[in-house]
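Following: one structure in structure tokens, then a few remarks.
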Amino acid sequence: MTSRVGVVQFPGTNCELDVIQVVEQLGGTAEILFHLESALGGVDAVVVPGGFAHGDYLRTGAIARFSPVMDAVARHAAEGGPVVGICNGFQVLCEAGLLPGALQKNAGLKFLCEDAVLRVETTDSALTNMATVGQHLNIPINHFEGNYVCDPNVLARLRAEDQVVLRYVDNPNGSLDNIAGICNAGRNVVGLMPHPERASDALLGSEDGLVLMQSILAACGQVMSMPR
Amino acid sequence: MMFSVTVQVTHLPGILDPVGATVERALPALGYTNVSQVHVGKTIRLMIDAENVEAARAQCEEMCQRLLANPVIEAFDISIDDVVPA
Amino acid sequence: MMFSVTVQVTHLPGILDPVGATVERALPALGYTNVSQVHVGKTIRLMIDAENVEAARAQCEEMCQRLLANPVIEAFDISIDDVVPA
Amino acid sequence: MTAEPLHRALGMTDDELEAVVDELGREPTHLELAMYSVMWSEHCSYKSSRSHLKRLPTEAPWVLVGPGEGAGVIDVGDGIAVAVRIESHNHPSAVEPYQGAATGVGGIIRDIFSMGARPIALMDPLRFGSLDDARTRYLFEGVVSGISGYGNAVGVPTIGGEAVFDECYHDNPLVNVFCLGVLPHERLVLARAEGVGNLAVLLGASTGRDGIGGASVLASAGFADADESKRPSVQVGDPFEEKKLIEACLELLDADLAIGVQDLGAAGLSCAASETAAKTGAGMDVDVARVAKREPGMTPVEVLTSESQERMLAIVTPDNLEAVLALCERWEVRATVVGRVTDNARFRVYDGLFDALGVPGVNPAPPHGDAAQDASSDREPLADVPIESLGDGPLYHRPLAPPNDLHDKQSDDPARELAARFSDGADCTVELLALLSSPNVADKTWISRQYDHQLFLNTVVGPGRDASVLRLQETAGRALALAVDGKARFCALDPRTGARLAVLEAARNVACSGARPLALVNCLNFGNPEHTEVMWQFSEVIDGMAEACTALGLPVIGGNVSFYNESRGADIDPTPVVGVIGLIDNLKTRPVGTALTSGDRIVVLGETRSELGGSEWATMHGLRNGVPPIADLDTARRLHELVAALVVEGVPSGIHDCADGGLAVTLCEMAIAGEIGFQVNIGGALSCFSESASRVVLSLAPDREQVVLDRAADAGVPASVIGKADGTRLTAEEAFDVSLTDATTAWRDAIPSLMAAVVAH
Ligand SMILES: Nc1ncnc2c1ncn2[C@@H]1O[C@H](COP(=O)(O)OP(=O)(O)O)[C@@H](O)[C@H]1O
Ligand SMILES: [Mg+2]
């Protein structure tokens with residue numbers, strides 16, 4: 001059965017079509033989940049894509065997380081379903097409490113759109129199950145608020161429980177412990193700042209994002225085996 | 001009754017404030033060498049229509065916890081400055 | 001002497017505040033239908049080492065004009081809250 | 001002291017007032033006068049430029065919409081069209097750089113989606129004074145942040161641009177913004193308010209006092225002279241509102257719910273509401289009471305002339321109104337019926353009539369924070385004018401004359417002085433490093449990394465190369481190559497040649513990506529048109545541009561004129577900026593980059609003469625006279641065709657256009673990109689820094705060299721082998737010798753280190 005991916009759309013989201021395109025390129029099917037929906041319509045996985053939900057006004061993700069669709073996403077996550085937040089989606093998942101910590105302004109106080117080299121830190125996650133530990137991936141970043149922070153206890157736990165999924169080889173934004181992506185304790189909810197969908201075609205300069213997008217599709221079949 | 005509310009949102013101690021840190025680093029170059037501990041946060045002002053000041057404060061606390069601040073990294077301080085008859 | 005300073009930066013009247021307007025539109029959906037005139041600005045806190053409160057204020061005015069605020073679209077209000085012996 | 005008459009306070013001349021009185025057969029009301037003043041302003045009516053602009057070639061079989069609409073539209077095959085436009089936001093950016101640039105981006109995007117096109121790319125040609133100056137750094141930082149802040153958040157990638165630094169822009173920076181959109185042919189709409197009884201629905205932001213009189217006062221009068229009270233309040237951009245507007249408007253058009261949509265730009269509601277109706281010979285009634293106002297006590301004059309951002313006007317039939325309002329609500333976009341199409345060819349403004357008559361589509365209950373609506377139900381119009389007269393501004397044939405010192409300037413060739421200072425064989429390594437670190441030549445990544453340049457997965461080549469390349473996923477393998485260029489220093493010496501050179505450079509950049517140039521848009525930034533030299537420059541530029549476009553078969557599909565770029569009495573150098581759109585028929589792999597490859601031969605196509613007038617090198621030495629390089633149009637066309645063919649066939653392993661700083665700089669940029677050195681012979685300083693036009697440098701595998709030389713000979717394009725790529729030193733015999741590391745550092749770190757200094761007001 002083909003994997004069905006729901007891609008959340010808030011007013012201000014802008015990467016939803018890009019994610020859908022790559023999911024379809026990989027043989028999955030994808031559909032938009034408008035922020036006012038209160039059910040996910042039976043999708044296997046959810047991607048919260050990049051953009052500027054509600055303009056990122058007040059704080060990134062602050063308003064978006066109250067959307068009806070986020071309640072449904074939280075239920076899906078609680079049942080072990082894969083949920084991946086990319087860039088603004090990562091910020092939304094943190095605000096919603098589905099992932100620990102928060103994302104602040106880049107240390108250089110500038111928006112950054114450029115390639116980043118990432119190191120895969122664990123393959124035990126809905127985003128990296130097809131990758132290899134230690135693998136380097138060239139995937140672009142595109143954000144102003146990608147500087148990951150959390151309190152020391154949370155960081156200790158993230159490290160101890162192998163919840164840091166991706167690290168920057170060369171930290172572009174001041175993120176704590178070079179963190180580019182993390183997962184929850186259940187390993188089914190993952191957030192990352194870089195944009196794997198933008199590294200999906202040799203014509204665009206890199207295909208290194210495909211392994212991550214494929215992992216999301218692969219996670220679709222494994223929902224029930226995900227630990228709670 | 002109408003209340004005029006000011007909420008100040010600041011970073012929790014121990015959480016880095018990238019904007020404040022940058023401003024602090026910038027000041028000496030402008031000739032201000034006597035400034036320290038710069039912190040940049042948010043001020044939110046609003047009018048709230050509530051029964052009494054306690055109700056107004058309780059609702060503001062809740063709005064801050066839920067929306068106006070992110071308790072993971074931010075602290076907030078509410079002041080209900082003055083009361084305007086509705 | 002050390003002075004503790006709080007600067008509040010707000011939009012000048014008539015200047016659009018998209019953040020405040022968006023927060024205001026979001027509140028009813030969270031159940032808060034009694035809130036209006038939301039405005040989101042900046043608060044800057046800092047410590048300044050100056051001869052006296054007048055000198056501290058004068059320098060803060062200048063820092064606001066040059067860096068901390070944008071006088072073309074923003075107003076600022078400086079309060080020197082308390083004095084700490086250096 | 002007698003008060004200034006109202007029409008003059010509004011920026012109208014006595015003759016213009018008289019024309020209004022003639023038109024109406026009576027004295028105009030205050031509101032009528034205010035509307036005429038904004039509609040007849042230079043910015044809206046092109047009264048000084050119209051008579052010249054018509055000399056530009058505008059037609060080609062693939063042009064679907066030429067100049068005169070929101071944007072030009074061309075067919076790119078497979079049922080797909082692209083809409084393109086460029087505009088300036090110079091004066092607002094000088095007042096408040098962040099918001100000025102941000103609202104410039106917002107405005108140009110609205111022009112594109114008002115045609116039914118989805119905006120997919122921005123480019124930002126910018127001009128500032130010297131970065132050594134603190135105020136300039138503040139403006140530069142603010143403008144770039146504003147473009148980044150708005151463009152990224154609204155979800156339109158900025159895929160390239162230009163940044164030029166020259167003293168003449170010290171007080172008057174130029175912020176031009178180019179936008180491109182794609183659309184299926186059937187979604188193409190022109191803003192037309194046909195059909196009596198159809199409704200004009202105002203979408204988006206509430207109307208405030210911001211930008212009141214912006215078009216007439218800011219863009220049409222001596223800027224520095226405008227006193228504080230005449231300056232409109234600064235407009236603040238709201239990219240989130242605009243993003244919602246894009247989605248709502250495109251959905252309206254897809255669902256066939258709107259006959260047309262029109263953006264509210266200069267002259268606000270007056271312009272949008274009257275123009276849509278005037279184009280069909282219809283009339284329009286507008287009710288100001290329906291307009292959602294941001295502040296209490298706004299007068300009808302303010303409502304009709306406000307330039308508040310993020311507003312659109314949709315023309316809908318009464319049958320569709322309910323569906324339109326529902327769609328807008330879903331996108332959280334305010335929608336209110338503010339106008340109704342009539343058959344009387346008049347533009348009438350009322351205050352409260354619609355509610356009294358029960359016209360549907362009332363303003364939704366004002367959200368908190370909006371001013372309460374003060375409704376009256378006056379049935380007498382506040383304005384009642386023949387609708388086409390608003391758009392029918394005066395036409396001026398302003399006097400023009402070349403400057404008196406033209407001949408002296410042109411005959412003072414900087415080559416003389418430079419030859420004296422740098423005799424043949426003199427080492428000019430220091431000169432080269434200074435050029436590489438001049439902000440005009442240096443790496444622009446400090447700018448472009450602040451822009452999302454990848455959204456929509458189209459960007460095959462982003463900023464940093466000769467042209468940016470976008471794949472058109474809606475077509476079978478086609479792609480667009482886009483370049484923006486302006487050559488103001490050449491225009492300052494000879495505006496006609498300078499304009500030709502700008503067109504040639506942009507077309508050449510596009511050719512270097514393997515594309516065939518299809519169309520051109522221009523943004524004409526000039527000084528005060530009441531100065532005879534400025535009008536002469538303008539006229540010359542139009543002629544030069546027309547000649548080059550004709551020679552290259554390039555239709556001009558749109559443009560924008562920005563006059564009154566002056567401060568302290570000095571006009572800026574004439575600065576026509578052009579954007580060229582080229583088409584690649586079948587893009588299978590990424591077009592070759594600029595990098596040299598180790599072991600390659602290096603070949604120059606085109607002829608190098610000792611042409612230093614207006615060059616970066618001469619200017620660096622304070623020598624601003626002379627004549628610009630020759631702009632031979634026929635040679636250029638042959639070169640472009642050859643280059644595009646070679647690139648499509650995959651012949652070169654690297655290619656780079658030769659422009660600012662001449663061959664020396666071009667070769668260094670190719671070396672830096674390839675991280676490899678070179679050894680060449682390109683003559684002494686006078687030829688290696690010469691900016692002769694129509695040259696391209698190729699990096700060729702040794703076995704390709706002969707093919708290229710033969711092909712060039714066949715095409716009648718001069719070609720010469722100048723050396724090879726190898727090692728870690730950049731060496732030009734008799735000219736310079738520098739390590740790759742030093743050249744790279746000079747080029748890459750120049751702008752970041754200038755901008756590391758603190759940026760304050
Ligand atoms: N303001 C800007 N915004 C985005 N990209 C820019 C900007 N300025 C320059 N660039 C990019 O830097 C590269 C070099 O620009 P430029 O020196 O003007 O090129 P050329 O000389 O080939 O016309 C181009 O790819 C251009 O798109
Ligand atoms: Mg250029």
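A, B, ... follow the sequence lines: proteins, then strands. Residue 1 opens every chain.
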Considering only heavy atoms from C-beta outward, does the side chain of Q65(B) approach that of P71(B) to under 4.5 Å?
-> yes

Which answer fits L27(C), side chain, backbone, both or neither, if we ask what part of it has an atom under 4.5 Å from a heavy atom of chain B?
-> side chain

Would you say Y32(B) and R66(C) make side-chain contact, with heavy atoms under 4.5 Å?
-> yes

So do V35(C) and Q59(B) actually touch side chain to side chain, heavy atoms under 4.5 Å?
-> yes

Using modelled atom types only, decide if a donor and an acceptor are shared between the side chain of H39(C) and the backbone of D17(C) within a distance under 3.5 Å.
-> no

Structural part of T33(B) lying under 4.5 Å from a heavy atom of chain C | neither

How far apart are the closest heavy atoms of M1(C) and E51(C), and which atoms are they?
-> CG-O, 4.0 Å

Residue E24(B) versus chain C: region with a heavy atom under 4.5 Å | neither

Which atoms of L67(B) approach chain C - backbone, side chain, both or neither, heavy atom under 4.5 Å | side chain

Top residue by heavy-atom pair count (under 4.5 Å) with chain B, among L46(C), I48(C), T43(C)?
-> T43(C)

